[in-house]
Each structure stands twice: as structure tokens, then as C-alpha cells.
Novice: 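Pasting a structure here, questions to come.
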Amino acid sequence: MLRDAWLVATKDLQIEWRSRVTFSQVVPFAGLVLVLFGFALDANRPVLLQATSGLFWVTVMFVSTLAVQRSTSIETTDGARRALLLAGIEPAAVFVGKSIAVAVQLFVVEIVLLAGVVVLYSADVEAWGLVFSTCLVATVGIAAAGTLLGALVAGVRARETVLPILLLPVLAPVLIGATRAFDDALGSVAVDGWSWLGLLAGFGVINVVLGALSYGVLLEET
Amino acid sequence: MSIVSLQGVVALLGRFPALAGVDLEVGESEVVLVQGPNGAGKSTLLRVCAGLLRIESGRAEVLGHDLVTDRAAVRRSVGLLGHDTALYDDLTVEENLRFWARASRVEDDAVPAALDRLGVAERLRDVAVRNLSAGQRRRTALAAVVVRRPRLWLLDEPHSGLDQGGRDLVDQVILDAASAGATVMLASHELDRTLDLATRHLTVAGGTITSDERGSRNPGGHDAA
């Protein structure tokens with residue numbers, strides 16, 4: 001299974017590298033959202049600093065819908081989803097592989113966004129370990145939930161609009177947990193960020209297990 | 001040995017009965033031409049045989065595997081060329097075929113041989129699939145089926161979009177597969193060409209098989225005449 005998951009992940013990342021969608025569209029979009037938030041709140045600098053964690057993760061949520069849509073369309077554009085079934089790859093391996101590819105892309109975007117909030121918002125990171133752990137754990141949950149819902153809406157005609165409507169509410173626990181953990185890491189609110197990391201880890205585990213178990217059903221044609 | 005065995009098979013597309021009680025036995029090395037008007041159920045029949053479409057009722061076995069309880073085994077053993085090419089636009093021709101070869105547990109060595117077989121020029125192998133012509137794309141998709149060396153080939157309009165040379169190559173690939181012991185089912189509207197290849201000739205209409213006639217060749221490759 002790991003071999004197949006790696007095969008799918010490297011294929012998706014190779015496609016992403018070739019198409020440059022992440023670098024030419026997703027990263028600029030994320031940067032733009034960050035700048036616009038900055039424009040909206042710059043007049044009240046303390047509010048901007050206090051809201052930095054939330055703005056960071058809201059931007060990540062927006063970006064995740066783009067990354068998941070892209071990941072889903074790779075398989076639906078020319079019938080590759082059907083060919084994956086015929087190839088005999090375990091659906092769980094397809095799920096894990098696609099989740100890994102989405103997670104890698106999101107992690108890259110988060111690194112760029114992190115630099116953005118430090119430079120644009122003058123955010124002061126007090127705990128880099130907590131910041132990177134939060135990004136890592138939250139990204140796993142976002143990628144797993146996104147990949148799962150991406151497969152769920154793959155056969156829906158208006159999936160581009162349906163996906164965000166389904167995905168964003170599902171990701172609400174990540175938004176809350178990751179924002180709290182970042183609040184601690186940036187020193188903007190006195191909370192225990194590591195305990196919020198536990199919530200994120202739980203969310204990630206649930207979605208990885210759920211996805212691995214149910215992805216086969218979602219890949220099937222009706 | 002029966003390669004495909006369908007008894008009273010009903011399959012739905014949404015609520016529409018695309019197959020409405022199909023009985024069919026197909027043996028080894030047969031080349032079965034499936035023809036009929038648009039919407040008759042030809043593609044649906046191939047998808048059912050590939051284990052991609054669930055059957056609502058009836059009994060079905062493909063390559064000795066039950067199509068209800070053991071669909072995964074069926075899928076691993078068949079090769080399907082559908083209307084879609086199942087190729088990734090941003091990968092090159094070779095990268096696509098290597099991916100599908102590895103996914104199907106086939107050695108990479110089979111890839112150049114399959115591309116040679118389908119006449120995909122060397123200079124095109126490092127080209128992204130998005131830059132291929134429709135015909136070259138079709139050849140590459142068929143090469144992906146060749147790579148798998150399936151026991152049952154399911155080809156839906158395999159000549160579509162190909163030039164004369166490509167059509168001749170497809171015919172030869174079909175004949176070679178059958179003479180190597182594989183079974184081929186092909187849906188086609190090109191009767192002039194495909195009738196000469198077929199050992200059997202099915203007509204499908206309204207989701208049922210309305211005629212089942214012997215073709216111009218015998219299983220094994222000899223002309224029936």
C-alpha cells in the first residue's frame with residue numbers, strides 16, 4: 001500500500017510541478033488575501049496583530065479549497081479515476097497518496113504565508129517549534145478531509161462551488177485549534193497552544209482513518 | 001473456458017436500464033464485435049464486463065471472478081480503452097505509461113515496447129500529453145492497455161480519431177492479442193473494418209442483444225471461410 005501511495009503522491013506532485021499552478025496561482029492568491037486583510041485592518045495595528053493567527057488560517061482554508069479542487073480535477077478530467085480502479089491500486093493508497101500531495105503543497109504555501117505575516121504584519125514568533133508543529137499537524141487534517149470531500153463531490157456537476165460549501169465547515173475545528181495554537185506561538189493570547197495541537201492531531205487521525213476506509217466507495221461509479 | 005458469462009444482467013445508468021437482461025457467453029481468443037445504434041448499451045456492456053458498473057440483477061462472471069463479489073479481481077485482469085484516454089495532460093507520454101505500468105505491477109521495460117507497437121514516434125515520447133494530437137493521444141491510451149497485457153481487452157471505438165496507419169496498427173494489435181490467447185470485445189460503428197476482425201458479431205439495441213452471429217474469422221485466427 002505504501003508503494004502505491006508514494007506512486008500516486010509523486011505523480012500528483014510531478015503534475016503540480018509541471019503545471020506550476022501552486023506557484024503561479026495559489027501562492028499569489030494567498031499573498032493577495034494576506035495583503036487585503038492587511039489593508040482592511042492596518043489602521044488599527046493592535047487589532048491586526050491580535051487577529052494575525054486567525055487571518056493566517058482563514059487564508060490557508062481558502063487556499064485548501066483551491067488545492068483540493070485541483071487535486072480532484074487531475075483524476076476527473078480524462079477518466080483517470082476509472083483507470084485507477086482498473087489498475088488495481090487500493091483505494092486507501094490513492095487516498096493517502098493524494099492527501100500527501102495536497103499536504104506538501106499546502107505546507108509550502110504556509111511557509112510563504114508565514115514569511116508574509118512576519119514581514120507584512122510584523123508578527124513576532126515566540127515559539128517556532130509550536131508554529132511548525134501546528135502547520136504540520138493541521139495540514140495533515142486539512143489535506144485528508146479535503147481529499148475525502150473532493151472525491152465525494154467529484155461526480156457532482158457544480159463541484160467547484162459545492163466543495164467549499166462542504167469543506168469549510170468541516171475544517172472549522174482546524175481553524176479554531178490552529179488559530180489558538182498560533183495565538184500561543186505568536187504571544188497574542190495567553191493559551192496553551194500544545195493542548196490545542198492535541199485537538200488538531202485528533203482531527204487529523206479521524207480524517208485519515210475515515211478517508212482510508214471510505215475512499216473506495218467514493219471512487220466507485222454509480 | 002468461458003471468459004465472459006452474463007445471465008439476465010440488468011445495469012442501470014441512474015434510473016435508466018442501460019442493460020435490460022443480457023445473456024452472453026464469450027470464450028477464449030474470441031474477437032467479439034459489439035455494434036448497434038447510439039445509446040444501445042454497447043459502452044455500458046463493456047463497462048459492466050470491466051467491473052466498473054454495478055449490476056442490478058442477474059449473474060455475471062468475468063475470467064472466473066464473480067462481478068458482484070469479486071470486482072477488484074476482474075478489474076485487475078482486464079484492459080479497457082474507453083472514450084476517455086485516462087492520460088495526465090501535464091505528464092509526458094512515457095511518464096504516463098510508466099505510471100500506469102507501475103500501478104498495474106508491470107515492469108518499466110514494457111513501456112517502450114508498447115509505444116513501438118502503437119507507432120508512437122520516439123520524438124513524441126518526451127512531449128506532454130496536452131500537446132499531442134487526438135490520434136497520438138488515442139495511440140498512447142491504447143499503448144497503456146497493451147502494457148498491461150490483459151486477458152480480456154475491452155475496446156470502445158478503438159479506431160476513433162486515428163489515421164489510416166493508426167487504424168491498421170489497431171487492427172494488428174487486436175489480432176495479435178487474440179492469437180496470443182486473449183479475448184477482445186470491441187464496440188464500433190466501423191463495420192467495414194471490424195467485421196473482418198471479428199469471430200463474432202453482436203448487435204445491441206435497447207439494452208439487449210438482438211442478434212449474435214458468427215464472424216468472418218474463427219477463434220485462433222483462421223478465416224471462417
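Just the heavy atoms: all of them, side chains too, but no hydrogens, waters or symmetry mates, feed the values below. Chain letters run A, B, ... following the sequence lines, proteins first and then strands; every chain starts at 1.
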Novice: Salt bridge (charged side-chain N to carboxylate O under 4.0 Å, His left out): which pairs involve residues 171-180 of chain A, sequence neighbours left out?
Specialist: A:R180-A:D183
Novice: How many angstroms lie between atom CZ of A:R82 and atom CZ of B:R75, to the nearest 0.5 angstrom?
Specialist: 11.0 Å
Novice: Less than 4.5 Å to any heavy atom of chain A: does that hold for the side chain of B:A72, its backbone, both, or neither?
Specialist: neither
Novice: Is there side-chain contact between A:R18 and B:E95, with at least one heavy-atom pair below 4.5 Å?
Specialist: yes
Novice: Could B:D90 and A:R20 be called an ion pair, given the rule that one side-chain N must be under 4.0 Å from one carboxylate O?
Specialist: no
Novice: Could you have a look at A:T10, A:L84, A:V8, A:I89 and say which one has the most heavy-atom pairs with chain B under 4.5 angstrom?
Specialist: A:L84
Novice: Distance check, rounded to the nearest 0.5 Å: A:L86 atom CG versus B:L52 atom CG?
Specialist: 4.5 Å
Novice: Report, in residue-number order, which members of residues 134-154 of chain B are under 4.5 Å from chain A by heavy-atom distance.
Specialist: B:R137, B:R148
Novice: Quick one: which of A:A80, A:A87, A:S19 has the most heavy-atom pairs under 4.5 Å with chain B, could you say?
Specialist: A:A87
Novice: Which one, B:S77, B:S104, B:A11, leads in non-hydrogen pairs under 4.5 Å with chain A?
Specialist: B:S104
Novice: Taking all atoms of both residues into account, what is the closest heavy-atom pair of A:G79 and B:A86, and its distance?
Specialist: O-CB, 3.8 Å
Novice: If I take atom CD from residue A:Q14 and atom OH from residue B:Y88, how far apart are they, to the nearest 0.5 angstrom?
Specialist: 11.5 Å
Novice: To the closest 0.5 Å, what do you measure between CZ (B:R105) and CG (A:D4)?
Specialist: 4.0 Å
Novice: Between B:R54 and A:E220, is the closest basic N to carboxylate O distance under 4.0 Å?
Specialist: no
Novice: Is the count of non-hydrogen atoms from other residues, nucleotides or ligands lying under 6.0 Å from B:R123 atom CZ greater than 12?
Specialist: no
Novice: With chain A, which of B:H83, B:R130, B:R102, B:R76 has the greatest number of heavy-atom pairs at distances under 4.5 Å?
Specialist: B:R102
Novice: Which residue is it: A:T76, A:T77, A:D78? I am looking for the one with a side chain to side chain contact (heavy atoms under 4.5 Å, CB included) to B:D84.
Specialist: A:D78
